[in-house]
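For the numbers below, each heavy atom of this structure counts, side chains included, while hydrogens, waters and symmetry mates do not.
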Amino acid sequence: MEDDREIVNLALQLLGQRRSTSDLPTAPAKVHPQLEVIEATGEARPDRTDVLKGKEIKTAAELAQMIEADLAKHPDCPKNGFRVTVYGTTPWRAMLTITPAAGPVRNPQEWRDFTEELAERIRKRYDLAWR
């Protein structure tokens with residue numbers, strides 16, 4: 001019963017409505033570490049500086065293009081035949097596919113590992129859009 005009241009209170013707060021009854025308990029201070037819960041007044045507090053800033057959102061195609069561009073900067077990278085696929089949610093992942101257009105590639109696993117390293121760097125700044 002107590003959990004139901006907390007859920008109702010949180011839903012009302014997220015919808016920007018004031019509590020309808022005074023016997024509802026207050027919601028926890030934070031539901032997610034990167035999001036501030038609207039307080040019991042129903043108003044957000046944009047002046048809060050201790051709330052973590054979110055990452056920029058990119059589509060899978062945009063993230064894959066960024067990784068492919070970084071791969072292309074490597075002097076030994078083939079001009080064609082490397083295709084990056086970004087998938088997953090949080091954390092998202094990147095997979096390198098080496099097509100026949102790349103020709104003979106020495107140490108393909110090293111290229112896949114390098115792709116994962118590039119993805120790890122980009123993952124720190126960007127989240128995958130859920131589209």
Side-chain angles (χ1 to χ4, degrees):
M1 185 70 158
E2 186 71 23
D3 290 338
D4 291 340
R5 291 180 193 201
E6 289 179 10
I7 292 170
V8 169
N9 185 39
L10 179 60
L12 290 172
Q13 289 177 5
L14 291 174
L15 293 172
Q17 299 175 2
R18 296 185 187 276
R19 294 191 311 189
S20 59
T21 60
S22 60
D23 63 338
L24 291 174
T26 58
K30 293 184 181 180
V31 173
H32 187 278
Q34 293 182 348
L35 300 175
E36 177 183 355
V37 173
I38 298 172
E39 298 193 356
T41 62
E43 299 172 337
R45 293 184 46 199
D47 58 337
R48 294 272 311 258
T49 57
D50 59 339
V51 177
L52 297 175
K53 301 292 181 194
K55 297 177 186 176
E56 188 176 338
I57 305 296
K58 296 280 187 185
T59 65
E62 290 172 321
L63 293 169
Q65 187 176 20
M66 291 169 71
I67 295 169
E68 287 173 355
D70 285 345
L71 281 170
K73 292 176 185 175
H74 193 285
D76 296 331
C77 182
K79 300 280 185 227
N80 298 309
F82 276 17
R83 187 177 64 226
V84 174
T85 303
V86 172
Y87 63 96
T89 55
T90 304
W92 55 269
R93 302 282 316 258
M95 175 182 70
L96 174 66
T97 302
I98 302 172
T99 67
V105 175
R106 191 173 5 174
N107 301 320
Q109 187 57 48
E110 288 181 15
W111 285 105
R112 290 183 179 100
D113 293 342
F114 184 49
T115 300
E116 184 55 36
E117 288 175 26
L118 293 172
E120 180 63 34
R121 290 181 200 159
I122 293 172
R123 198 178 295 124
K124 291 176 183 177
R125 294 185 54 208
Y126 301 101
D127 274 336
L128 178 62
W130 291 11
R131 292 185 206 174

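By the neighbour-count criterion of 12 heavy atoms within 6.0 Å, atom CD of Gln65 is sparsely surrounded, having that number or fewer from other residues, nucleotides or ligands.
Arg121 contributes atom CZ, which lies 8.0 Å from atom CG of Asp70 (distance to the nearest 0.5 angstrom). To the nearest 0.5 Å, the span separating CD on Glu116 from CZ on Arg123 amounts to 5.0 Å. In this structure, CD1 on Ile98 lies 8.5 Å from CD on Gln109, to the nearest 0.5 angstrom. The line from OG1 of Thr90 to CG of Leu128 is 7.5 Å long, rounded to the nearest 0.5 Å.
Under the salt bridge (Lys or Arg N to Asp or Glu O under 4.0 Å) criterion, Lys124 pairs with no residue at all, not counting sequence neighbours. A search for side chain to side chain contact (heavy atoms under 4.5 Å, CB included) contacts involving Ala64 returns Val84, Val86, not counting sequence neighbours.
Side chains of Glu62 and Tyr126 form no contact here, defined as non-hydrogen atoms less than 4.5 Å apart. With contacts defined as side-chain heavy-atom distances shorter than 4.5 Å, the pair Tyr87/Arg93 qualifies. You'll find the side chain of Ile67 stays beyond 4.5 Å of the side chain of Phe82, heavy atoms only.
The minimum heavy-atom distance linking Ala102 with Pro78 is given by the pair O-CB, 3.9 Å.
The same ILVMFWY cluster, assembled from side-chain heavy atoms under 4.5 Å apart, contains both Ile122 and Leu96. When the side chains of ILVMFWY residues are joined at heavy-atom separations under 4.5 Å, either directly or via intervening members, Trp92 and Leu118 end up in a single hydrophobic cluster.
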